[in-house]
Amino acid sequence: MDSHVIMHMDLDYFYAQCEERENPSLKGKAVVVCVYSGRSAHSGAVGTANYIARGYGVKAGMPISLAENILQNVDAAFIPVNYKLYEQFSENVMALLRNYGESFEQASIDEAYLDVTGKVNGNFEVARKLASHIKEEIKIKEGLTCSIGVGPNKLIAKMSSDFKKPDGLTVIEPNEVRNFLFPLPVGKLYGVGKKTEEKMATLGIKTIKDLAHFNPDRLAELFRGKLGLYFHRASNGLDDEPVQERGEAEQISRMTTLKENTRELPQILPELKRLAHDVYIKVTEQELDFTSVSIIAIMEDMSTHSKTKSLEAATPEKGVIYTVAEKLFQALLKERSELNVRRIGVRVAGLTKRKGQKPLHNFLS
DNA sequence: GTATGCTTTCGGC
DNA sequence: TTACGGCCGAAAGCATAC
């Protein structure tokens, strides 16, 4: 037994499925979970949609008005997001999953990895039965379907859970890894984004197979840092990232849409202050210090701009967030002197668990 | 030049 | 015909140090 057995679970069309679960009369309808901006009755974007809505072409991120148009002759429900509801379902499912792996890693609100190597004694057929059992238990206890992928490492587990959904179960044994990966376009490989895919295309690399057979030394020259080695290993199905509990989130941010597009500070700064306060509350709840503060601005043409200031040392202080955010925002406005602002955001990052005694507030002020 | 880490933008849900 | 959120982590871009 030399192979790990890793499982990746992904809850299907998560937000919309939670809504169906809360309100069974939605079953059979196109369900669209909406993030309304509050600007006008229909302004906002689609958070996610169930498979009936997707069948008509509705996708996450599209304008709500467009989804309404597409579904105008369809029995459809447009529901505002209810994050609290989804967090509750997520907590329940994650608590249930934790019991099954010797190690567990929650990757997002609706995804998790389990290392079940010992539990199934390295046997992939036993792992299939276990995955089937887990799906059943989530279905019975929470009324939700999910897709599970099983593979010899996290990379393959993740890609196989994606292979069949919704309600899928895909098991890729070590000797099947290459047959599974090789036909896929190289852009499907985790870590290969649009730019990298384009660069690889110019090198004649179209599929994961092409990448796997590409000279590794040449690959290391072409992609800076550890990337070349990573691409070589990943395309050959190799990955040794451990399944481990994640620490706190790496960043915390809050965003909002302004009532109207503007460059007027009296309209913008009070909102910025509110966002800074909300971020502070979240940071304090989790007892975190942060080492950088950023602001994000989305202009009337939907272009995104951001500015970050790294701090001298990790701090938990409230005043720092707004003070820095305001400075950054004014600087950004100066740089982008042509356009009005539509949305703004505040972010802190470089989060670490607060340690030691309470900090001396205002010591330097 | 290459490796690394920080900043900015992208993209999924 | 257009239409457009909030949050996160990943990818890409940039600066710095040798």
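All chains are named by letter (A, B, ...) in the order of the sequence lines, taking the proteins before the strands, and each is independently numbered beginning at 1.
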Engineer: Is there a side-chain contact between A/Ser160 and A/Val150 (heavy atoms, below 4.5 Å)?
Structural biologist: no

Engineer: Is A/Ser37 close enough to C/dG6 that one of its side-chain N or O atoms is under 4.0 Å from OP1 or OP2 there?
Structural biologist: no

Engineer: Please state whether the base of C/dG6 and the side chain of A/Arg254 form at least one donor-acceptor pair under 3.5 Å?
Structural biologist: no

Engineer: Atom CG in A/Asp278, atom CZ in A/Arg274: separation rounded to 0.5 Å?
Structural biologist: 6.0 Å

Engineer: Say you pick atom P in B/dC13 and the same atom in C/dC4; how far apart are they, in whole Å?
Structural biologist: 23 Å

Engineer: Looking at the side chain of A/Glu250, which of C/dG9, C/dC4, B/dC6 is the nearest nucleotide?
Structural biologist: C/dG9

Engineer: Which of these nucleotides, C/dA3, B/dT7, C/dG5, is closest to any side-chain atom of A/Asn69?
Structural biologist: C/dA3

Engineer: How would you label the contact of A/Val192 with the nucleic acid (heavy atoms, under 4.0 Å): base, sugar-phosphate, or nothing?
Structural biologist: sugar-phosphate

Engineer: Between A/Arg342 and A/Ser253, which has a closest nucleotide on DNA chain C that is more 5'?
Structural biologist: A/Arg342

Engineer: Polar pairs (N or O, both sides) under 3.5 Å between protein and nucleotides 9-11 of chain B?
Structural biologist:
{"from": "B/dT9", "atom 1": "OP2", "to": "A/Ser306", "atom 2": "N", "distance (Å)": "3.0"}

Engineer: From the set B/dT8, C/dG6, B/dC13, return the single nucleotide nearest to any side-chain atom of A/Val35.
Structural biologist: C/dG6

Engineer: With sugar-phosphate meaning primed atoms plus P, OP1 and OP2, does A/Ile109 contact a base, only sugar-phosphate, or nothing at under 4.0 Å between heavy atoms?
Structural biologist: nothing

Engineer: Of all the choices, B/dC13, C/dG6, C/dC8, which nucleotide is nearest to the side chain of A/Ile252 once you look at every atom?
Structural biologist: C/dC8

Engineer: So, does A/Ser294 get its side chain near the phosphate of B/dT8, meaning an N or O under 4.0 Å from OP1 or OP2?
Structural biologist: no

Engineer: With sequence neighbours left out, write down each residue that passes ring-ring contact (aromatic ring centres under 6.0 Å, His included) with A/Phe182, or none if nothing qualifies.
Structural biologist: A/His213

Engineer: Is the phosphate of C/dG6 approached by A/Tyr83 (side-chain N or O, under 4.0 Å from OP1 or OP2)?
Structural biologist: no

Engineer: For A/Phe231 together with A/Phe214, are the ring centres under 6.0 Å from each other?
Structural biologist: no

Engineer: Both A/Met302 and A/Ala107 contact DNA chain C. Taking the nearest nucleotide for each, which residue is further toward the 5' end?
Structural biologist: A/Met302

Engineer: Do you know which of A/Leu26, A/Ile52, A/Val58 makes side-chain contact (heavy atoms from CB on, under 4.5 Å) with A/Val31?
Structural biologist: A/Leu26

Engineer: Assign A/Gly345 to base, sugar-phosphate, or nothing according to its heavy-atom contacts below 4.0 angstrom with the strands shown.
Structural biologist: nothing

Engineer: Taking the basic N atoms (NZ, or NE/NH1/NH2) and the acidic carboxylate oxygens, is any pair closer than 4.0 Å for A/Glu125 and A/Arg128?
Structural biologist: yes

Engineer: Looking only at the side chain of A/Pro63 (C-beta and beyond, no hydrogens), which of the listed nucleotides C/dA3, B/dC13, C/dC7 gets closest?
Structural biologist: C/dA3

Engineer: Counting only side-chain heavy atoms from C-beta out, which of C/dT2, C/dA10, B/dT7 sits nearest to A/Tyr190?
Structural biologist: C/dA10

Engineer: At 4.0 Å (heavy atoms only), tell me whether A/Gly47 reaches a base, stays on the sugar-phosphate, or touches nothing.
Structural biologist: base

Engineer: Within a reach of under 6.0 Å around NE2 of A/His305, are more than 12 heavy atoms found that belong to other residues, nucleotides or ligands?
Structural biologist: yes

Engineer: Write down the distance between CD (A/Gln286) and C1' (C/dC7), rounded to a whole number of angstrom.
Structural biologist: 13 Å

Engineer: Looking at the side chain of A/Ser310, which of B/dT7, C/dC8, C/dG5 is the nearest nucleotide?
Structural biologist: B/dT7

Engineer: Go through C/dG5, B/dC13, B/dT7 for me and flag the one nearest to the A/Ala60 side chain.
Structural biologist: B/dC13

Engineer: Is the shortest side-chain N to carboxylate O distance from A/Asp240 to A/Arg233 below 4.0 Å?
Structural biologist: yes

Engineer: Mind checking if A/Thr196 touches a base, just sugar-phosphate, or nothing, with heavy atoms under 4.0 Å?
Structural biologist: sugar-phosphate

Engineer: Once you apply a heavy-atom cut-off of 4.0 Å, does A/Ser43 come out as touching a base, just sugar-phosphate, or nothing?
Structural biologist: sugar-phosphate

